Amino acid sequence: MAALSKIPHSCYEIGHTWDPSCVQSAVDVARGALEVSFKIYAPLYLIAAVLRRRKKDYYLKRLLPEILWSTSFLTANGSLYIVFFCLLRKLLGGFHSWSAGFGSALPASYIAILLERKSRRGMLTIYMTNLATETLFRMAVTRGIVKPIRHGEVLLFCTTASLYMFFFRSEQHSGQIPPVKSETLVKNVFELNVAFLCRRSKDGLKGFAFSALKFIIGKEEIPTHSVGAEQISSRPLERTEDPQASGERPPRSRTLVARIRELLQSICKKGPRHRCCKHCQDNCISYCVKGFVRMFSIGYLIQCCLKVPSAFRYVFTKPSRLPALFYNKENFQLGAFLGSFVSIYKGTSCLLRWLRNIDDELHALIAGFLAGMSMFFYKSTSISMYLFSKLVETMYFKGIEAGRFPYFPHADTVLYAISTAICFQAAVMEVQNLRPSYWKFLCRLTKGRFALMNRQLLDVFGTQASRDFKGFAPKLDPRYTTVLPPGADIQLG
């Protein structure tokens, strides 16, 4: 059907279909958003306080106000949307293709972000900009404007990781690398809110970002990492007792295991190490192997911990499902992703030191790009897009410091409002192009009311708004409708 410029339906017929009153509908959304927002932020701030080892004074005086502050922001974002939804309908006399989503969310998001603390606005802006960029790309693919690249998220991650590691090596302690976000952000709530755990300090890499990269990659890859004289000298090899010399013969069942263990120990102890390598406690082979084992274990445990809350409901009803928590495929995928990323980066760096006989920061470009191939184990558009957005932010701020880019005051609030409005436009008009995790988050925030919109009436704009709703049509009261919906029953009083 040809796209129309405006449809004359009321806000009750399209938006708040559960109640004909605009005021009551706004109150319903605000009440539900307040409850959900508090449930999101309360445990989040509490966990953050524990991890950051806050003192007792923080729990008594600052914890609750900060929770309520962020709760008011998210509540306002949801409730003000329905307010401007109804106001624009009354001002325009109908709905345009942009007014139901973008037009209503733009002022609501701008006011809401002003209620949030300034320290969190930047991270929220980065997240929403990342989400809006992904949404616009999906819209362009749907319209045939661009064609998706096979394994594009992996290629983007490789490029981003290459530049990240180059900045990490070249800037030492003075750069401004943004925080590295783990896979927990694939989850919609943590993607949106755990950002304040990773705030960048005024000292650049001396804050969380530097600590995170040093934790993942290791201090041995830092150019300023000092090596003590006692570490340079090679350690004496430990002598292992020969079971044949002592007259004892190991059991046949353990012979193969013992031989493999001895082989690994021999490789780790007698393997080569280049003079430019700073991992003096290990040779290059054991350096890579230990890096893989360490980060594989961390990734495995992270994914297990994420599944623990959902497994609690099966403790008494279906306890046989609990072992599946530890053998889940995603646990090993995340572990393989993190472990292979570190081992490939370290292995490539050592190999380049052997080939070129120098330790050059340019090695990080090649090593970071090859390490990005590890995303084949755990493909995630969210991770790739987020890190790319942070990389763009980093380069932009570097340009500002160099005097090449202009600085725009309040750019974060404006960018947040525009990005959120784009996502709301997709949520209303073409939800198939919105990230599924964010759509679930919107439904949770509004207690499912976002899915009650009458999208069949919006199909006239040509975006297939009702495609994923299987012909859903709300039951409207004919007394409050301006245009009778198809198939509606008229009940006479």
Side-chain angles (χ1 to χ4, degrees), residues 123 126-138 140-141 146-171 175 177-188 190-191 194-195 198 209 212-218 221 288 291-292 295-296 298-300 302-303 306 329-349 362-396 435-438:
M123 298 306 301
I126 287 296
Y127 171 75
M128 291 308 303
T129 304
N130 162 34
L131 184 60
T133 304
E134 179 183 342
T135 303
L136 290 175
F137 177 78
R138 292 186 179 185
V141 171
V146 297
K147 293 183 179 180
I149 302 175
R150 187 180 181 184
H151 307 308
E153 70 274 22
V154 179
L155 179 61
L156 181 62
F157 181 74
C158 290
T159 306
T160 305
S162 176
L163 294 175
Y164 260 98
M165 300 317 302
F166 174 74
F167 290 148
F168 178 65
R169 286 292 308 271
S170 60
E171 293 293 334
I177 295 181
V180 176
K181 190 177 182 183
S182 67
E183 193 276 336
T184 52
L185 296 184
V186 175
K187 309 298 178 182
N188 56 330
F190 279 86
E191 279 181 342
V194 82
C198 309
L213 287 176
K214 187 173 69 173
F215 174 79
I216 295 173
I217 302 300
E221 297 298 330
C288 299
F292 175 84
M295 290 310 300
F296 179 88
I298 292 175
Y300 177 84
I302 288 175
Q303 196 67 32
L306 288 176
K329 181 180 178 181
E330 293 183 357
N331 299 353
F332 297 96
Q333 286 178 333
L334 181 59
F337 164 57
L338 295 177
S340 59
F341 180 86
V342 174
S343 60
I344 292 174
Y345 178 83
K346 291 182 175 181
T348 306
S349 299
L362 294 178
H363 293 172
L365 287 172
I366 302 175
F369 187 88
L370 294 178
M373 297 292 182
S374 60
M375 180 160 278
F376 278 110
F377 291 108
Y378 197 89
K379 289 186 176 181
S380 174
T381 305
S382 303
I383 295 177
S384 299
M385 289 296 299
Y386 178 82
L387 293 178
F388 177 74
S389 300
K390 294 300 297 181
L391 179 64
V392 172
E393 181 199 30
T394 300
M395 299 179 70
Y396 176 73
R435 186 184 298 174
S437 60
Y438 190 71

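In this text, all values refer to a predicted model and were calculated from it rather than measured experimentally. In this chain, residues are counted from 1 in sequence order.
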Query raised in the report: Which pair of heavy atoms, one from L391 and one from Y164, lies closest together, and at what distance?
Result: N-OH, 3.7 Å
Requested in this report: Check the angle between the aromatic planes of F337 and F341 and answer parallel, tilted or perpendicular using the 30° and 60° thresholds.
Outcome: tilted
Query raised in the report: Do M165 and F369 come within less than 4.5 Å of each other through their side chains, counting heavy atoms only?
Result: no
Query raised in the report: Got a donor-acceptor contact below 3.5 angstrom from the S374 side chain to the A371 backbone?
Result: yes
Report task. Could you walk me through whether M123 and K390 pass the side chain to side chain contact (heavy atoms under 4.5 Å, CB included) test, one step at a time? Result -> CA-CA 9 Å; M123 298 306 301; K390 294 300 297 181; 3.8 Å; yes
Query raised in the report: Do Y378 and Q303 come within less than 4.5 Å of each other through their side chains, counting heavy atoms only?
Result: yes
Report task. For F388, look at atom CZ and say whether over 12 heavy atoms of other residues, nucleotides or ligands are found less than 6.0 Å away. Result -> no
Report task. Grab the two heavy atoms, one from G299 and one from L338, that are nearest each other, plus how far apart they are. Result -> CA-CD1, 3.5 Å
Report task. Would you indicate whether F332, at its atom CZ, is surrounded by more than 12 heavy atoms from other residues, nucleotides or ligands within a distance under 6.0 Å? Result -> yes
Query raised in the report: Can you list the steps and then say if H363 with T348 is a side chain to side chain contact (heavy atoms under 4.5 Å, CB included)?
Result: CA-CA 8 Å; H363 293 172; T348 306; over 6 Å; no
Query raised in the report: If you look at every heavy atom in F157 and L387, which pair is closest and at what distance?
Result: CE1-CD1, 3.6 Å
Report task. Find out whether K147 and V141 are in side-chain contact, i.e. whether some heavy atom of one side chain is under 4.5 Å from a heavy atom of the other. Result -> no
**Report entry** For the student: nearest non-hydrogen atoms of M385 and N130, plus distance
**Finding:** CB-OD1, 2.5 Å
Report task. Measure the OG1-CZ distance between T135 and R435 for me, rounded to the nearest 0.5 Å. Result -> 7.5 Å
Report task. With side chain to side chain contact (heavy atoms under 4.5 Å, CB included) as the test, would you mind laying out the steps for T129 and T133 before giving the verdict? Result -> CA-CA 6 Å; T129 304; T133 304; 4.2 Å; yes
Report task. May I ask you to decide if C158's main-chain N or O and S162's side chain share a donor-acceptor pair within less than 3.5 Å? Result -> no
**Report entry** Y345 versus A364, closest heavy-atom pair with distance
**Finding:** OH-CB, 3.7 Å
Query raised in the report: Any donor and acceptor pair, going by atom type alone, linking the side chain of S343 with main-chain N or O of S340 inside 3.5 Å?
Result: yes
Report summary line: In short, K346 meets C288 closest at the heavy-atom pair C-SG, 3.9 Å
Query raised in the report: Given S384 and M375, is the side chain to side chain contact (heavy atoms under 4.5 Å, CB included) satisfied, shown in steps?
Result: CA-CA 9 Å; S384 299; M375 180 160 278; 3.2 Å; yes
Query raised in the report: Is there a side-chain contact between V154 and K379 (heavy atoms, below 4.5 Å)?
Result: yes
